[in-house]
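These notes are about the structure you will find just below.
Letters A, B, ... are given to chains in the order of the sequence lines, protein chains preceding strands, and every chain is numbered from 1.
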Amino acid sequence: MKRAGFDAIVIGGGHNGLVNAAYLGRAGLRVLVLERRHLVGGAAVTEEVFPGFKYSVCSYVVSLLRPEIIRDLDLPACGLEILPLESTFTPLPNGDYLVRWADHDLTRRELYRHSPRDADAYDEFGRLMHQLAFAVKPVLGMIPPDVTSFAPSDLAGLLRLGRYVRGLGADRFHALVKLMTMSAADYLEEWFETESLKATMSASGIIGTFLGPRSPGTAYVLLHHYLGEIDGVFRAWGFARGGTGAVSNAIATAAERRGVTLRTGAAVARVITRGGRARGVVLESGEQIGARVVVSALDPKRTFLELVDPAELPGELVADIRRFRIRGSSGKVNLALSELPDFTCLPGFGPHLRGAISISPSVEYLERAYDDAKYGAFSRRPYLDIVIPSLIDPGMAPPGKHVMSIFVQYAPYQLNGGWTDARREAFGDTVIDTLSQFAPNLKSAILHRQVLTPADMEREMGLTEGNIFHGELSLHQLFSLRPATRWAQYRTPIAGYYQCGSGTHPGGGISGAPGRLGALRILKDLRQ
Amino acid sequence: MLRTTPFHSRTALLCQAQNWRRWAGCVVASSYELSHDREYWAIRSAAALLDVSPLYKYLVRGPDAARLLDRIVTRDIRRCAVGQVMYTPWCDEAGKVLDDGTITRLDEDLLRLTAAEPNLRWLHENSAGLDATIDDVSDSTAALAVQGPASRAILRDALEADLDSLRFFRATRAQVRDIPLTITRTGYTGDLGYELWFDGRHAERMWDHLIAAGQPYGLTPAGMLALDIARIEAGLILIDVDYVPARKALILARTSSPFELGLGWTVRLDKGYFVGQRALRAEQARPPTWQLRGLEIEWDALERLYAEAGLPVELPAAAWRTSVPVYAGDEQVGYATSGCWSPLLKQYIALAHVRAPHTAPGTSLAMEVTVEHRRRRAPARVRELPFFNPERKRA
């Protein structure tokens, strides 16, 4: 075997794979990361697709990156800089708009303009979410207990979990139960009356899922987004200087400083197993590399059904993984712009362009967008979550020019008739048309556009069905159930073969938590 | 009414926060926006435009100009070449720091001194027998700092000057339309940056010109709150905050020598006579009792202190500037004078005066923190300064 001498091989150089490798390297293991593409980062990459313009190709904002990872790996010293993304601007078809600013009083005044009651409710709601997020936060940093096990460590885990829940008190516990079971729209309905406010807030509950704002279980994701922490401040969203690829690069640098070897252009064909143990990997080139630990940072479908022979796994697990919901629901449009969009409702340049821009005028608008997708079409009027990174980090585009990142939902992976080049362009046109209704100068400002469908994301980034979270964040696929009962602790039935992708707890987003928790599990197992 | 700077007509319009701070008898913006966040990030990730006109500025002219300044400050000004800038403190006879600033050698016999405090009388007192004249140009000279990674690209577009060969702590003359100016590659942010010095009558036109040229690069007017965080990250001390100038000290214990402020590197005892030389020579012979050091408060421990109160960590958004006790075990061994959460480094940091022998980097100390009305001690590690020192600063 060539290149022998690695203790661990991490398959997939996405941000979780890199975090995993960095932690293993930090513990003194000789680690090799194998990445299929020519650059590391997975779905968190910055690429100069059009000369002078840098796109955060897929993932585009940072909020959940775990502070302990930033500290443990000293990521700021490796080049990580997270700039604040301050506001959310929702232009409305009636010529009005809604903005939630970074400043509390400005937001209050703006909400008051729409509904004095909502202005009051917003503060109360924020306080509750803040409390719940603080209470739930420790769960993000714990390896989920196996609920089917009576092993002391699992029981201790359940006990700890029970303590958190009990510590909430009755009121907040009820709120949590509601969040876990209700739809985002219904839950927000209990608080607010302003349609655009409810819609924009519920939109964060549907990102990455194949569900509508009225689908039960979407309220939980509201909380997921409140868990974002930057500088220990809850609910702050950020933008990495240099694009999201800069997050991956900082983690890669941290890993290399801890002795990790990174290899790009190295696609893994399968994991070598013998006697129920992982022994290494075979690359698509035929090259074999041995190691006593193999970690998959890929999604559960690939981890269990492609990298190993399902025949080696318990039939129950295989069935669970086959059922695991990973339906891609979103697309991405990246634009190079000669000038900024000029919104009819709030003309000219202003601070509203520096935050998120959300095309989510009403809950009905979002639900109708979902209706299209339910029956296999992309939304005729999609939900758009837009940022203009070059306004926050001017280095993303040539001076005076801009890049725009548009997250689009819904774009079903299972499109009627399948995705073709023509359909991709039609989808891109729909997005541009939708946004142009609010900012008519957009079309003439476009210098270049990149359109990514779920099919593209599957092919380019290796995301099965183009699901950005490696599987939906719905209740039956979270915590001890992610990706499957009994196998939510980063292990697999094959000894020495582990998982650490977003398909494991606590799920998707650039959190790095699955990568870290996976590494902690491996290190613990190696000590025993 | 307090004095305003030559840029007031511009800064007043921008100052949405209506938040002003006093500086040398002037008012300057604390922050322009309601929060200083973006202004801080402009310094670190794009470029910021700062009005630093309130600095005291003196032009010293004549055959003995360099000698005059050399007699006052601790650095060897006779070795300051034309086009060079030197940062230096200056002391009283007891070797205690009076002030700190920069000296730019504009010409063989023309130097500019910047200072935080009025120094006209001190300059005159020390000029006996020297052929030099002193002009106080504090009011007539406007000063702007352009700081941040994009500052060079902005000034390259905005000015006719050879910026690419302008090294760190060097000066050059430049021209914008009909406005002559000097550019120094200096600043108070520890980042790539420049300071522009010109006649205050051109202030508004210069401001407008820079704003227009900088807009494509994200040039953002920034106030003192943003600057305060940047200068703590850069480990740069502030008069009246991190040290008491000897002239204002009511008791001897409040004074500091350059050695105690981490400025030992500026003291050239081997040069000719300068004020405080004898005292500093004596002090150099013995190890300093006090040292200025960085402190990094340990986050996990801080988080535990707050968790005991059922809270997440709550830190002030702006830098603080109060005296806070620092402990080794139960013994107080120093005091921190300014500190902040560094948004860039993701660390809670402070500048502190620490007594020997607790000054070695890596030493575990504790800093007092108030958690939910209770005084607690958070473990903190001694760090070498600066906290942040990017390559681009000198590159």
Side-chain angles (χ1 to χ4, degrees), chain A residues 65 67-77 79-87 101-107 130-131 133-135 137-138 167 169 229-236 238-242 246 339 349 351 354-355 389-402, chain B residues 16-17 31-47 148-150 153-154 156-158 212-220 229 233 296 298-300 302-303 306-307 309-317 340-349 387-391:
Chain A
L65 186 60
E68 61 267 25
I69 296 175
I70 295 176
R71 283 196 298 279
D72 289 348
L73 302 181
D74 202 6
L75 296 182
L80 178 73
E81 293 179 32
I82 300 176
L83 312 175
L85 190 64
E86 297 172 358
S87 56
W101 301 102
D103 185 81
H104 170 264
D105 292 340
L106 282 185
T107 301
H130 186 96
Q131 287 172 329
F134 182 60
K137 195 187 83 164
E229 258 180 290
I230 288 174
D231 308 347
V233 179
F234 287 107
R235 216 160 53 80
F239 179 82
R241 182 168 172 226
E339 60 173 359
F349 175 73
R354 283 200 294 256
S390 49
L391 275 179
I392 308 161
D393 173 11
M396 297 294 284
K401 305 278 195 293
H402 293 282
Chain B
Q16 192 194 359
S31 74
Y32 292 95
E33 297 187 3
L34 296 177
S35 145
H36 59 272
D37 268 12
R38 235 173 51 77
E39 297 168 25
Y40 163 79
W41 280 110
I43 294 172
R44 292 293 180 228
S45 71
I154 292 168
R156 212 185 267 142
D157 280 9
Q215 197 265 335
Y217 297 91
L219 181 68
T220 306
I229 296 176
E233 291 171 340
E296 181 193 339
E298 286 176 26
W299 188 261
D300 290 339
L302 190 65
E303 212 162 34
Y306 276 90
L311 290 169
V313 177
E314 294 170 339
L315 294 180
C340 65
W341 166 260
S342 163
L344 180 83
L345 303 171
K346 307 276 179 250
Q347 288 164 351
Y348 187 29
I349 54 176
F387 294 104
F388 178 63
N389 192 17
E391 274 172 32

Q) Non-hydrogen atoms of chain A under 4.5 Å away: do they reach the side chain of Leu315(B), the backbone, both or neither? A) neither

Q) Where do Leu344(B) and Pro76(A) come nearest, in terms of heavy atoms and distance? A) O-CB, 3.5 Å

Q: Answer with side chain, backbone, both or neither: which region of Glu86(A) has an atom nearer than 4.5 Å to a non-hydrogen atom of chain B?
A: side chain

Q | Side chain, backbone, both or neither of Pro390(B) within contact of chain A (heavy atoms, under 4.5 Å) | A | neither

Q. Quick one: CG on Asp300(B) to CG on Asp72(A), what's the gap to the nearest 0.5 Å?
A. 7.5 Å

Q: With rounding to the nearest 0.5 Å, note down the distance linking OH in Tyr40(B) to CG in Leu83(A).
A: 9.5 Å

Q. From Arg38(B) CZ over to Arg354(A) CZ, what is the distance, rounded to the nearest 0.5 angstrom?
A. 3.0 Å

Q) What's the spacing between Ile70(A) CD1 and Leu345(B) CG if we round to 0.5 Å? A) 12.0 Å

Q. Which atoms form the tightest heavy-atom contact between Tyr217(B) and Pro394(A), and what is the distance?
A. O-CG, 3.2 Å

Q: Any chance you could measure Lys346(B), atom NZ, to Leu75(A), atom CG, to the nearest 0.5 Å?
A: 10.5 Å

**Q.** chain A contact via Gln215(B) - side chain, backbone, both or neither, heavy atoms under 4.5 Å
**A.** neither

**Q.** Considering all heavy atoms, the nearest Pro216(B)-Gly400(A) contact
**A.** CB-N, 3.3 Å

Q | Contact class of Leu34(B) relative to chain A, heavy atoms under 4.5 angstrom | A | side chain

Q. Picking from Asp74(A), Asp105(A), Leu80(A), Asp103(A), which has the most non-hydrogen pairs under 4.5 angstrom with chain B?
A. Asp103(A)

(Q) To the nearest 0.5 Å, what is the distance between CG on Leu106(A) and CD on Gln16(B)? (A) 6.5 Å

Q | Interchain contact, Ser45(B) with chain A, by part (heavy-atom threshold 4.5 Å) | A | both

Q: Look at Glu68(A), Glu81(A), Arg71(A) and state which one has the largest set of heavy-atom pairs under 4.5 Å with chain B.
A: Arg71(A)

